[in-house]
Amino acid sequence: MSSKWTQTTIGELVASGEANIQTGPFGSQLHKHDYVDNGVPVIPTEAIGRGRILDIEVPKVSTIKANELSRHCLKLGDILFARRGAQATGLSAIVDERYEGGLCGTGALLLRLNSTKVLSHYLSVYLSSEAAFQWLRTRAVGAVMPNLNTEIIKALPLKLPGISEQRELSIFVGALDERIALLRETNATLEAIAQALFKSWFVDFDPVHAKAQGIAPEGMDEATAALFPDSFEESELGLVPKGWINGVVGDIATIKGGKQLDKEAFDKNGVNPVFGGAGVMGHSNMSNATGFVITVGRVGAYCGQFFWRIGDAWVNNNASNIQPNKARDAAWLYQWLRNVNMDIIKKGAAQPFVSNGDVAQLKMVTPPEKTRNYY
């Protein structure tokens with residue numbers, strides 16, 4: 001195996017025709033009314049993680065709009081850079097099969113290789129290294145809102161081993177990625193089962209409907225079925241299981257706004273996740289929440305989404321921490337919140353947000369403590 005390494009820059013690759021780099025579409029080309037429920041995915045800054053596109057919901061546009069923005073269409077192996085934001089700047093991710101044919105978002109930069117001496121997967125691994133990440137972050141312009149541009153990225157130095165070494169590294173990293181993907185799929189399946197069970201019991205009230213008809217609830221033993229009443233009663237929320245309590249989220253939990261974490265406190269080797277509006281945005285050794293941590297995004301395209309963590313965490317200022325008054329209510333409350341239509345409390349057209357007060361006033365029907373603790 002050759003040990004010869006060469007040094008170059010992304011700019012030299014661009015100059016030789018081995019790479020192209022461009023900024024995502026201008027904000028004037030994409031408006032809120034362009035987004036649809038089903039369509040072509042658009043990758044925003046919030047979805048760009050360290051080396052991979054995060055498993056979060058992304059905006060979508062119609063095929064017609066995507067065709068208008070065809071120069072920003074993504075190909076397999078493209079690399080996206082997060083170009084703005086104190087926490088996101090410097091992150092990059094390779095485009096995988098999930099987003100081939102999608103669009104580069106307005107807050108991203110797109111790098112495409114056409115080279116015989118650089119593999120996309122190797123370059124993605126290199127760009128995810130701490131050295132490359134910090135190189136980009138320290139050169140971002142703007143004190144309040146750091147930004148990258150194509151010229152900064154062109155100046156990034158690259159160290160390239162031979163193509164065979166790059167290929168071997170890509171195969172090794174690819175095998176790890178496949179294993180990680182399998183674990184994520186297994187986790188997603190288990191979570192979907194738990195969510196479906198919760199919806200059946202505590203949203204659709206299926207066990208109560210069954211018992212009201214004199215039928216044994218499906219898939220339940222007698223001890224579990226005994227936790228549910230056999231009739232309904234009228235309430236301000238409509239028909240609810242008899243004996244269950246009408247109230248609001250604030251009756252069983254406290255909602256506290258997060259706090260901005262200093263840029264210097266972010267640490268890729270940190271043990272605690274940092275939660276922003278779209279979920280985990282980085283790591284740190286600092287924490288301002290512990291236990292079963294429930295967060296909700298407060299501002300932006302992802303406001304109203306809920307995330308969780310067991311252990312210590314930092315909740316940043318674009319998210320809030322929902323703290324159950326009783327620790328044993330945490331898992332039940334998290335699942336209940338995931339079934340809420342948060343659009344009813346969102347405010348703001350250009351920059352949607354949800355307030356802590358409105359979250360606290362979400363109406364809910366709560367089963368007895370013994371029942372919700374059983375879940």
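Keep in mind that the numbers below use all heavy atoms, side chains included, and drop hydrogens, waters and symmetry copies.
For the pair Leu74/Leu103, no side-chain contact is recorded, criterion being any heavy-atom separation below 4.5 Å from C-beta on. Two residues are said to be in side-chain contact when any heavy atoms from C-beta on lie closer than 4.5 Å; Phe306 and Met342 meet this criterion. In this structure, Trp244 and Thr366 have side chains that are not in contact, with every pair of non-hydrogen atoms separated by 4.5 Å or more. Residues Ile94 and Asp78 fail the side-chain proximity criterion, which asks for heavy atoms closer than 4.5 Å. Between Val271 and Asn285, some side-chain heavy-atom pair lies under the 4.5 Å cut-off. You'll find the side chain of Leu160 reaches within 4.5 Å of the side chain of Tyr122, heavy atoms only. With a 4.5 Å cut-off on side-chain heavy atoms, Val274 and Val315 do not count as touching. For the pair Leu158 and Gln7, the minimum side-chain heavy-atom distance is 4.5 Å or more.
Looking at every heavy atom in both residues, Ala253 comes nearest to Ile322 through CB-CG2, 4.0 Å. Summarising the geometry of Asn321 relative to Ala289, their closest heavy-atom pair is ND2-CB, 3.5 Å, with the distance given to 0.1 Å. Closest heavy-atom contact between Ser128 and Ser92: OG-O, 4.2 Å. For the residue pair Pro217 and Ala210, the shortest heavy atom distance occurs at CA-CB, 3.9 Å. Looking at every heavy atom in both residues, Pro324 comes nearest to Leu333 through CG-CD2, 4.1 Å. For the residue pair Ala108 and Thr45, the shortest heavy atom distance occurs at N-OG1, 4.4 Å.
Remark: the Asn272 side chain and the Ser284 side chain contain no N/O donor-acceptor pair separated by less than 3.5 Å. For the residue pair Ser70 and Asn67, no side-chain donor N or O sits within less than 3.5 Å of a side-chain acceptor on the partner. No side-chain N or O of His121 forms a donor-acceptor pair with one of Gln166 less than 3.5 Å apart. Ser320 and Asn356 form a side-chain donor-acceptor contact under 3.5 Å, judged by distance and modelled atom types alone. Judged purely by distance below 3.5 Å, without hydrogens or angles, the side chains of Gln134 and Thr138 never pair a donor atom with an acceptor atom.
With sequence neighbours excluded, no residue forms a ring pair (Phe, Tyr, Trp, His ring centres under 6.0 Å) with Tyr126. Not a single ring pair (Phe, Tyr, Trp, His ring centres under 6.0 Å) links Phe353 to another residue, sequence neighbours left out. With sequence neighbours excluded, the residues forming a salt bridge (charged side-chain N to carboxylate O under 4.0 Å, His left out) with Asp204 are Lys199, listed by chain and number.
Ring pair Phe292/Trp332: centre-to-centre distance not below 6.0 Å.
In terms of hydrophobic clustering, with Ile, Leu, Val, Met, Phe, Trp and Tyr side chains grouped at heavy-atom distances under 4.5 Å, Leu197 and Tyr334 are assigned to a common cluster. Leu110 and Leu76 fall into different hydrophobic clusters, where Ile, Leu, Val, Met, Phe, Trp and Tyr side chains are chained together by heavy-atom contacts under 4.5 Å. Hydrophobic clustering, with ILVMFWY side chains joined whenever heavy atoms are under 4.5 angstrom apart, keeps Val248 apart from Val365. Note on Tyr99: it clusters hydrophobically with Leu80, by side-chain heavy-atom contacts below 4.5 Å among ILVMFWY residues. Using a 4.5 Å cut-off between side-chain heavy atoms of Ile, Leu, Val, Met, Phe, Trp and Tyr, with links allowed through other members, Trp201 and Ile252 fall into the same hydrophobic cluster.
Between the side chain of Lys65 and the backbone N or O of Gln29 there is at least one donor-acceptor pair closer than 3.5 Å. Proximity of a side-chain donor or acceptor of Asn149 to a complementary backbone N or O of Ile152 within less than 3.5 Å is detected. The backbone N or O of Ala313 lies less than 3.5 Å from no partner atom in the side chain of Ser287, so there is not a single donor-acceptor pair. At distances below 3.5 Å, not a single donor-acceptor pair connects side-chain atoms of Ser231 with backbone N or O atoms of Ala212. Panel note: side chain Lys211, backbone Ala225; a donor-acceptor pair is recorded below 3.5 Å. Side chain of Asn316 to main chain of Asn318: no donor-acceptor pair is present (N/O by atom type, distance under 3.5 Å, no hydrogens or angles). One N or O on the side chain of Ser16 and one on the backbone of Glu12 form a donor-acceptor pair closer than 3.5 Å. In terms of modelled atom types and a separation under 3.5 Å, the side chain of Asp34 and the main chain of His31 share a donor-acceptor contact.
Annotation: the span from Ile79 atom CD1 to Leu109 atom CG amounts to 12.0 Å, rounded to 0.5 Å. Rounded to the nearest 0.5 angstrom, Asp267 CG and His283 NE2 are separated by 10.0 Å. Atoms CG and CD, on Leu261 and Glu264 in that order, are 9.0 Å from each other to the nearest 0.5 Å. Taken from CG in Leu91 to CZ in Arg137, the straight-line distance is 7.0 Å, to the nearest 0.5 Å. Atoms CZ and CG, on Arg71 and Asn20 in that order, are 10.0 Å from each other to the nearest 0.5 Å.
Between Glu191 and Arg338 there is a salt bridge, since at least one side-chain N of the basic residue sits less than 4.0 Å from a carboxylate O of the acidic one. Note on Lys363 versus Glu236: salt bridge recorded, some NZ/NE/NH1/NH2 to OD/OE distance being below 4.0 Å. By the 4.0 Å N-to-carboxylate-O rule, Lys326 lies close enough to Glu369 to be salt-bridged with it. Look at Glu130 and Arg50 and you find a salt bridge, because one of the NZ, NE, NH1 or NH2 atoms lies within 4.0 Å of a carboxylate O, short of that distance. For Asp230 and Lys242, the salt-bridge test fails: no basic side-chain N is under 4.0 Å from an acidic carboxylate O. The pair Asp312-Arg309 does not meet the salt-bridge criterion, since no charged nitrogen lies less than 4.0 angstrom from a carboxylate oxygen. A salt bridge links Glu18 with Lys117: the closest approach of a Lys/Arg side-chain nitrogen to an acidic carboxylate oxygen falls below 4.0 angstrom. Between Asp329 and Arg372, at least one side-chain N (NZ, or NE/NH1/NH2) sits under 4.0 Å from a carboxylate O, which counts as a salt bridge.
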Run the side chain to side chain contact (heavy atoms under 4.5 Å, CB included) check on Leu239 and Phe205 step by step: do they pass?
CA-CA 10 Å; Leu239 283 176; Phe205 310 132; over 6 Å; no

Show the numbers, then the answer: is there a side chain to side chain contact (heavy atoms under 4.5 Å, CB included) between Asn325 and Thr254?
CA-CA 7 Å; Asn325 298 334; Thr254 301; 3.6 Å; yes

Please determine whether side chain to side chain contact (heavy atoms under 4.5 Å, CB included) holds for the pair Thr106 and Phe26, giving the CA-CA distance in whole Å, both sets of side-chain angles, and the decisive distance to 0.1 Å.
CA-CA 6 Å; Thr106 58; Phe26 295 116; over 6 Å; no

Could you go through Val280 and Phe307, starting from their C-alpha distance and side-chain angles, then the distance that decides it, and tell me whether this counts as side chain to side chain contact (heavy atoms under 4.5 Å, CB included)?
CA-CA 9 Å; Val280 177; Phe307 305 91; over 6 Å; no

Run Lys347 and Asp358 through salt bridge (charged side-chain N to carboxylate O under 4.0 Å, His left out) and show every step you take.
CA-CA 10 Å; Lys347 299 175 181 176; Asp358 286 340; 3.0 Å; yes

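Heavy-atom contacts from other residues, nucleotides or ligands closer than 6.0 Å to CD1 of Ile64 number 12 or fewer. Within a 6.0 Å sphere centred on CZ of Arg98, heavy atoms belonging to other residues, nucleotides or ligands number more than 12. For CE of Met220, the number of neighbouring non-hydrogen atoms (other residues, nucleotides, ligands) closer than 6.0 Å is greater than 12.
Ring planes of His209 and Phe232: tilted class, angle from 30 to 60°.
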